[in-house]
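As structure tokens, the structure follows; a few thoughts come after it.
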Protein chains: 2
Amino acid sequence: MAQHVPIRNRRWILANRPQTEIERDLLTFEDGPLPEPGEGEVLVRNIYLSIDPTHRIWMSDVDQYMEPVAIGDVMRGGTLGVVEVSRAKGLAVGDIVTGQGGWQDYAAVSGKALRRVEPGGLPLAAFMGPLGNIGATAYFGLFEVAKPRPGETVLVSAAAGAVGSLVGQMAKLMGCRVVGIAGSAEKCAWITNELGFDAAVNYRDADLVGAISAACPKGVDVYFDNVGGKILDAALTLININARIAVCGLISTYNEIEQGGGPAMFRNVLMKRARIEGFIVSDYWRRYPEAYAAIGAWLEKGLLKYRMDIRDGLENAPDILKLLFSGAHDGKLLVRVSAEPR
Amino acid sequence: MAQHVPIRNRRWILANRPQTEIERDLLTFEDGPLPEPGEGEVLVRNIYLSIDPTHRIWMSDVDQYMEPVAIGDVMRGGTLGVVEVSRAKGLAVGDIVTGQGGWQDYAAVSGKALRRVEPGGLPLAAFMGPLGNIGATAYFGLFEVAKPRPGETVLVSAAAGAVGSLVGQMAKLMGCRVVGIAGSAEKCAWITNELGFDAAVNYRDADLVGAISAACPKGVDVYFDNVGGKILDAALTLININARIAVCGLISTYNEIEQGGGPAMFRNVLMKRARIEGFIVSDYWRRYPEAYAAIGAWLEKGLLKYRMDIRDGLENAPDILKLLFSGAHDGKLLVRVSAEPR
């Protein structure tokens with residue numbers, strides 16, 4: 001049994017707050033003791049660590065949607081792992097679970113805070129993508145917040161990203177015209193050729209407003225925003241009356257010195273009677289089964305495609321996080337912390 | 001009969017587009033011919049001209065919620081007047097009507113574009129205030145867009161203004177804690193002592209965020225925005241989770257060079273899962289009777305107070321419009337164009 005042998009628990013500790021970009025000295029990599037699961041808890045060996053833009057938010061101590069990670073604590077992060085010791089009802093050794101295992105090899109987590117996954121032939125990584133928080137984010141953000149109608153034009157930023165690629169495909173399934181914004185010719189080709197987006201715009205285009213306008217000849221009814229900043233501003237410039245803007249993320253602004261400035265075209269919220277609404281997927285957690293049922297059915301029929309970008313080694317996690325901010329990744333970014341069970 | 005004598009029709013013509021502040025040379029005052037009502041139209045003698053922040057928007061040729069006023073056209077404006085010649089079914093000479101009569105003595109207007117007013121003992125000016133667009137703006141903006149719940153904290157800017165003063169009183173009627181932001185000690189005293197607001201903040205306070213925070217110890221659930229800019233930013237800083245921001249106007253930004261910058265605290269839309277929604281009251285015109293029925297009943301019971309600031313002389317209209325931007329007015333601003341019928 002794992003707890004009887006001296007196993008080290010490598011972990012990333014938050015040592016400093018970021019000022020702008022994520023630098024290696026923000027986190028220190030250290031060996032800690034193997035966590036001891038208390039009553040109602042399990043010991044999980046982390047297999048995959050999810051790398052998400054929100055990690056940058058959690059590192060800061062500005063007002064945010066949950067408590068920032070405290071200096072000296074293990075860095076927070078979503079994980080998929082295998083139960084190695086169970087002191088929780090309903091969870092057995094060998095079960096595959098997802099939850100907040102953090103940036104470490106092992107975690108002691110309350111059984112109530114874990115979701116047991118039954119792979120059923122699907123790759124385990126899918127439960128960190130379309131069948132995990134990522135899928136729920138796309139589903140509730142699109143259907144509960146943005147609320148497009150068939151025939152409307154839906155614009156999505158970070159469209160080749162984990163959430164954006166699912167949002168665009170879901171909007172296509174319901175009959176919208178879907179335009180994606182991405183950061184390379186390869187990504188633009190992938191979303192149009194493989195995912196069925198109607199058009200793609202490379203945000204490095206000099207005339208962003210012109211390029212989006214050309215791709216959205218009837219204007220923008222829904223903008224699903226993952227990035228904020230200049231792209232949000234361009235979208236606001238092109239919205240139709242009664243447009244809806246779902247704010248899922250603002251990654252382009254996370255590295256800014258605090259309060260870097262809002263969208264210059266904010267006036268169009270008034271002129272176009274638009275709705276801008278932010279959301280945090282965990283607010284919908286009671287309804288995740290609904291999202292997973294729908295997404296599972298789409299996956300089974302081959303109607304949703306996704307790609308995972310799995311990088312090796314917990315020791316590389318900070319550098320892997322930085323990839324999110326340069327866009328030098330392809331699909332949902334995971335760190336492989338340990339091997340999948342045989 | 002009016003059309004048989006040579007009556008001059010004084011009118012303000014839009015001559016230039018404003019760059020920043022409204023200057024006198026934007027409009028030229030000239031005598032024109034008396035308009036000739038066509039079939040289905042009436043000739044209206046304007047009695048009151050409504051002076052509204054949106055006039056600044058209509059003068060610009062930026063993308064907006066309706067067509068800008070064309071250079072060379074009579075300046076657009078809401079009016080209350082008396083029918084002097086009728087070629088429209090259902091309207092008779094002597095009827096009091098409201099509509100878009102423009103910045104002039106007389107207008108020829110389609111009968112379908114006019115609302116006949118039956119004063120029933122109320123001052124005629126009330127139909128340019130709580131029983132006019134102003135009242136409908138407060139009513140639909142509060143109940144259909146902001147949607148406060150009893151017990152919530154509602155923050156209102158331009159709270160001593162035509163719309164803001166009604167919004168605050170309506171929110172009090174439904175059991176909210178109401179805090180108003182205004183621009184003078186006199187205005188702050190009026191909204192708390194006379195209108196029943198729970199607290200008032202003078203926006204000229206050096207620490208605006210601190211002052212609002214002190215007046216809203218439980219945070220801000222609803223912000224009804226008439227001004228935009230720094231006050232919107234302060235409100236965003238203090239919003240609670242699931243806050244709603246109804247954008248009725250952005251007067252603090254109308255004189256800016258185009259695209260002056262959006263709210264710096266925009267990130268809180270995401271962090272607080274907030275909804276920001278712009279609205280234009282004319283989108284609700286089919287439901288105006290519902291608003292007027294409710295407001296009429298509140299007025300009758302003495303539950304809504306308002307004040308009108310009526311200034312004499314069509315020739316002074318541009319200077320009167322400028323008062324809106326300095327706040328040197330008290331209540332709904334009207335120009336008295338001609339005398340009320342005896």
**Message:** Does any part of the side chain of Ile134(B), heavy atoms only, come nearer than 4.5 Å to the side chain of Leu166(B), both counted from C-beta?
**Reply:** yes
**Item:** Side-chain donor/acceptor of Gln64(B) to backbone N/O of Ser60(B), under 3.5 Å
**Value:** yes
**Contact origin within Asp63(B) toward chain A - heavy atom pairs under 4.5 Å** = both
**Fill in**
Here the pair of heavy atoms bringing Arg76(B) nearest to Gln100(B) is CG-OE1, 3.6 Å
**Request:** Would you mind checking which part of Leu232(A) comes under 4.5 Å of any heavy atom in chain B, side chain (CB onward), backbone (N, CA, C, O), both or neither?
**Result:** side chain
**Asked** Heavy-atom distance under 4.5 Å to chain B: side chain of Ile57(A), backbone, both or neither?
**Response** side chain
**Prompt:** Does the side chain of Thr54(A) come under 3.5 Å of the side chain of Asp52(A) through a donor N or O and an acceptor N or O?
**Reply:** no
**Message:** Once rounded to the nearest 0.5 Å, what's the spacing between atom CG of Asn268(B) and atom CG of Asn240(B)?
**Reply:** 10.5 Å
**Request:** Classify the side-chain pair Tyr139(A)/Glu290(A) by whether it contains a donor and acceptor separated by less than 3.5 Å.
**Result:** yes
**Asked** Residues of residues 273-280 of chain B under 4.5 Å from chain A (heavy atom pairs)?
**Response** Arg273(B), Ala274(B), Arg275(B), Ile276(B), Glu277(B), Gly278(B), Phe279(B), Ile280(B)
Per-pair distances, 0.1 Å, donor-acceptor, side chain in residues 158-165 of chain A, under 3.5 Å, sequence neighbours excluded:
unit_1    : atom_1 : unit_2    : atom_2 : d
Ser165(A) : OG     : Gly161(A) : O      : 2.7
Ser165(A) : OG     : Ala162(A) : O      : 3.3

